[in-house]
Amino acid sequence: MNPNPIRRKVCQAAGAALALIPVAVIGQSAQAATNAKLREELHYQDTPKGDMKCLTCLEYAPGKKEGFGTCKVIPGDDEIAAEGYCASWNSM
Ligand code: SF4
């Protein structure tokens with residue numbers, strides 16, 4: 001069909017590259033986000049402090065991933081552990 005071997009190779013390479021695009025996009029969207037700067041400022045930790053933990057904090061919202069969610073105080077972070085804690089823990 002395509003008598004030009006160079007052109008055939010270019011077409012094959014382009015086809016392979018196009019086939020990888022959905023894999024790259026899915027990989028990026030599945031990647032979790034964290035807000036390292038605010039975590040550090042608020043002394044966030046993945047473990048509770050006594051009875052205080054993210055799960056009982058008013059700022060916490062459970063996410064799709066079991067045991068993790070988001071926090072209104074730490075935007076752009078969907079890896080807040082339900083058993084975590086930070087200096088802004090709020091029960092009121
Ligand atoms: S404010 Fe702190 S304790 Fe409360 S949910 Fe956010 S990270 Fe957890």
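Treat the numbers as computed from the prediction; the structure is a model and nothing was measured. For ligands, and for the atoms within them, numbers begin at 1 and follow the listed sequence.
- Side-chain contact between Cys54 and Tyr44 is present, with heavy atoms from C-beta onward closer than 4.5 Å.
- Looking at every heavy atom in both residues, Ala33 comes nearest to Gly76 through CB-O, 3.5 Å.
- Under the 4.5 Å side-chain criterion, counting only non-hydrogen atoms from C-beta, Leu55 is in contact with Tyr60.
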Exercise for review: Decide side chain to side chain contact (heavy atoms under 4.5 Å, CB included) for Gln45 and Arg39; before the verdict, give the C-alpha distance in whole Å, the side-chain angles of both, and the deciding distance to 0.1 Å.
Suggested key: CA-CA 8 Å; Gln45 60 192 46; Arg39 281 183 177 215; over 6 Å; no
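- Residue pairs meeting the salt bridge (charged side-chain N to carboxylate O under 4.0 Å, His left out) criterion with at least one member in residues 46-62, sequence neighbours excluded, are Lys53-Glu83.
- With hydrogens and angles disregarded, a donor-acceptor distance shorter than 3.5 Å links the side chain of Asn35 to the backbone of Pro75.
- Listed by chain and residue number, the protein contacts of ligand 1 are Tyr44, Cys54, Cys57, Glu59, Tyr60, Cys71, Val73, Ile74, Cys86, Ser88, Trp89 (heavy atom within 4.0 angstrom).
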